[in-house]
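Encoded as structure tokens, the structure appears first; notes follow it.
Keep in mind the model is a prediction, meaning the values are calculated, not measured. Order of the sequence lines sets the chain letters (A, B, ...), proteins ahead of strands, with each chain counted from 1.
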2 protein chains.
Amino acid sequence: MQKEKVCSKKKCFSPEVIKRLSLYLRDLKNLQEQEVEVISSDEITKMLDISSAQFRKDLSYFGEFGKRGVGYEVSFLIRELEKILGIYRWWDIALVGVGRLGSALLGFSGFPQFKLRITAAFDNDRKKIGKAISGVEVKSLEEMPAVIKKGGIEIGMICVPPQFAQSIAERMVGAGIKSILNFAPVSIKLPAEGIYIANVDMACELQTLVYFLNRRH
Amino acid sequence: MQKEKVCSKKKCFSPEVIKRLSLYLRDLKNLQEQEVEVISSDEITKMLDISSAQFRKDLSYFGEFGKRGVGYEVSFLIRELEKILGIYRWWDIALVGVGRLGSALLGFSGFPQFKLRITAAFDNDRKKIGKAISGVEVKSLEEMPAVIKKGGIEIGMICVPPQFAQSIAERMVGAGIKSILNFAPVSIKLPAEGIYIANVDMACELQTLVYFLNRRH
DNA sequence: GTTTAATTGTTACATTATTCACAATCTATT
DNA sequence: AATAGATTGTGAATAATGTAACAATTAAAC
Ligand SMILES: NC(=O)c1ccc[n+]([C@@H]2O[C@H](COP(=O)([O-])OP(=O)(O)OC[C@H]3O[C@@H](n4cnc5c(N)ncnc54)[C@H](O)[C@@H]3O)[C@@H](O)[C@H]2O)c1
Ligand SMILES: NC(=O)c1ccc[n+]([C@@H]2O[C@H](COP(=O)([O-])OP(=O)(O)OC[C@H]3O[C@@H](n4cnc5c(N)ncnc54)[C@H](O)[C@@H]3O)[C@@H](O)[C@H]2O)c1
């Protein structure tokens with residue numbers, strides 16, 4: 001993800017704020033399932049590793065959502081966060097690389113809750129093209145531009161081996177994709193201005209754990 | 001990951017430094033494959049979205065690894081980073097939840113490069129127990145404590161549905177696990193002091209992309 | 001209706017992280 | 001061996017981020 005500041009009606013803030021907001025939303029939804037109706041900033045941040053002041057400040061960039069002396073009404077705050085984050089309509093995703101990880105993501109049940117859905121999947125393996133995985137038909141790369149344009153798809157997911165990731169990113173952007181979640185462990189050069197790219201590198205995450213394990217002694 | 005500062009011989013720094021070091025290492029290895037022998041801080045950081053000063057400062061917490069006027073010898077820097085990050089021996093991982101994501105991770109080829117390997121996998125589904133996935137035999141949860149203790153495994157990966165994640169985390173720690181990479185989209189309360197936990201929440205990553213997509217207009 | 005206890009929203013402050021800027025050092029060239 | 005050009009390593013300056021503290025507000029108790 002790029003690091004530039006971001007501005008709302010109220011002030012400028014870092015993209016980290018958005019990541020935390022979506023964590024709050026996730027936990028609020030879990031609370032709602034447990035039929036919690038009102039929660040204080042103190043209680044909700046106990047679960048996360050975040051201070052209650054941080055929580056209140058994050059929200060303050062967008063408005064006032066709590067009641068002093070009382071706390072936050074869970075269902076109201078969920079609705080407001082959904083508005084802030086843009087969860088008022090479905091966001092379609094195009095996935096490239098229907099291998100082990102790509103297939104897992106196609107079957108991931110955590111997306112719909114946030115109005116995210118993978119509606120198109122592409123691969124260059126003839127054996128996979130035409131098959132449906134979790135209800136999504138795998139198409140050839142040649143069909144990608146048309147499908148992305150027709151569906152107005154703006155989000156792409158890269159699940160191809162690292163050596164192909166850069167070229168797939170470029171083809172995605174060429175087809176109209178505006179933001180990319182990349183799972184291949186390589187740095188991708190943004191092929192155009194105004195394209196957002198976020199990377200998930202699992203080995204790097206583990207590396208950090210290893211470092212801390214290692215220095216305990 | 002916890003946010004506490006960390007100290008080396010030289011100074012204190014944030015855990016973010018470690019995450020960046022492992023990104024540098026990843027890209028250095030790619031450069032090595034392309035037979036690049038020497039690289040400057042300017043060049044290597046062009047690929048990543050990081051300033052060259054940041055790169056040099058990150059390294060400076062651990063020593064001097066470059067040659068002024070010249071740059072960094074790729075193979076030497078790789079070896080030094082590996083030492084810093086603890087990649088001098090194999091780190092074994094125990095995975096719980098051999099479903100779609102768990103199976104993908106078992107087959108992930110990006111781990112060995114960093115001396116990470118999943119050596120044990122557990123599930124509570126009778127149909128899965130006994131089968132081997134990517135060469136790792138799936139065992140029952142009951143066997144977990146013994147296997148983790150016998151193998152001296154210190155890293156755990158949680159790939160079970162969210163509602164079971166907390167209890168699996170507790171059982172892992174009970175069995176001797178010291179750090180956890182959690183893929184379930186829930187906040188896990190650390191069951192003991194000195195346990196490191198890192199979370200990968202893919203929906204949250206996408207959420208951030210959606211926010212930025214949404215506010216372009 | 002006043003008091004009390006709770007909890008927000010926000011300003012001021014403290015801490016942390018990043019960038020700047022340049023002396024130090026290296027290599028190649030003349 | 002002196003000079004020029006490149007690039008590191010790092011303390012100081014700047015910017016960003018997080019925390020603390022408290023006035024403002026609410027609801028419930030009396
Ligand atoms: N498996 C995991 O758990 C895991 C974890 C983290 C990261 N990753 C990364 O995700 C990517 C995919 O990993 P995987 O384990 O699913 O690999 P995989 O080999 O199982 O799947 C890769 C898929 O991409 C397809 N493909 C290859 N080149 C292509 C191209 N040019 N265009 C379109 N499709 C193409 C292949 O046909 C295959 O279906 C890799 O970059 C890997 O490093 C995987
Ligand atoms: N599929 C994905 O791409 C994806 C992406 C991000 C996060 N996740 C998260 O990863 C986790 C697993 O997702 P999945 O799609 O692989 O689900 P899945 O249903 O395919 O697999 C879950 C596995 O966990 C096992 N399991 C369930 N309860 C267990 C228990 N108490 N002890 C041991 N094993 C147990 C099941 O038998 C199954 O094999 C979920 O929390 C999910 O939200 C998945």
Expressed in angstrom and rounded to an integer, what is the separation of A:E16 atom CD from C:dT18 atom P? 10 Å

Under a plain distance cut-off of 3.5 Å, with no hydrogens placed, do A:S134 and B:R100 share a side-chain donor-acceptor pair? no

Name every residue in residues 21-37 of chain B that has at least one heavy atom under 4.0 Å from any atom of DNA chain C, in order of residue number, or write none if there are no such residues. none

By side chain to side chain donor-acceptor pair (under 3.5 Å) - contacts of A:K29 (at least two apart): A:E82

With a 4.0 Å cut-off on heavy atoms, is A:S41 in touch with a base, just the backbone sugar-phosphate, or nothing at all? sugar-phosphate

For A:E73, give me all partners under side chain to side chain donor-acceptor pair (under 3.5 Å), at least two apart in sequence or on another chain. A:S75

Name all residues meeting the salt bridge (Lys or Arg N to Asp or Glu O under 4.0 Å) criterion together with A:D27; count only those two or more places apart in sequence or in a different chain, and write none if there are none. none

Using the salt bridge (Lys or Arg N to Asp or Glu O under 4.0 Å) criterion, which residues pair with B:R171? Sequence neighbours excluded. none

Rounded to whole angstroms, how far apart are CG on B:D42 and P on C:dT19? 13 Å

Calculate the interatomic distance between A:E64 atom CD and D:dT25 atom P; express it in whole Å. 9 Å

Apply ring pair (Phe, Tyr, Trp, His ring centres under 6.0 Å) to B:F65 and list each qualifying residue two or more places apart in sequence or on a separate chain. none

Interface polar pairs with nucleotides 19-22 of chain D, N/O, under 3.5 angstrom:
residue : atom : partner : partner atom : Å
D:dT19  : OP2  : A:S51   : OG           : 3.0
D:dT19  : O4   : A:K57   : NZ           : 3.4
D:dA21  : N6   : A:R56   : NH2          : 3.4

What is the distance, rounded to the nearest whole Å, between atom NZ of A:K19 and atom C1' of D:dT17? 16 Å

Which residues, if any, of residues 66-76 of chain B bring a heavy atom under 4.0 Å of DNA chain C? B:K67, B:R68, B:G69, B:V70

Does A:S14 place a side-chain N or O at less than 4.0 Å from the phosphate oxygens OP1/OP2 of D:dA16? no

With sequence neighbours left out, write down each residue that passes salt bridge (Lys or Arg N to Asp or Glu O under 4.0 Å) with A:K67, or none if nothing qualifies. none

B:R117: what forms a salt bridge (Lys or Arg N to Asp or Glu O under 4.0 Å) with it, not counting sequence neighbours? B:D92

Nearest whole angstrom, please: distance from the P of D:dT7 to the CZ of B:F55. 13 Å

Mind checking what makes side chain to side chain donor-acceptor pair (under 3.5 Å) contact with A:S52, not counting sequence neighbours? A:D42, A:R56

Is B:L21 close to B:L85 at the side-chain level, that is, under 4.5 Å between some pair of heavy atoms? yes

Between D:dA16 (P) and A:Y61 (OH): distance, integer Å: 12 Å

For B:D58 and D:dT8, what is the distance between atoms CG and C1' respectively, to the nearest whole Å? 14 Å

Exercise answer: donor-acceptor pairs, residues 161-168 of chain A side-chain atoms, under 3.5 Å, sequence neighbours excluded:
residue : atom : partner : partner atom : Å
A:Q166  : OE1  : A:K189  : N            : 2.9
A:Q166  : NE2  : A:E170  : OE2          : 2.8
A:Q166  : NE2  : A:K189  : O            : 3.2

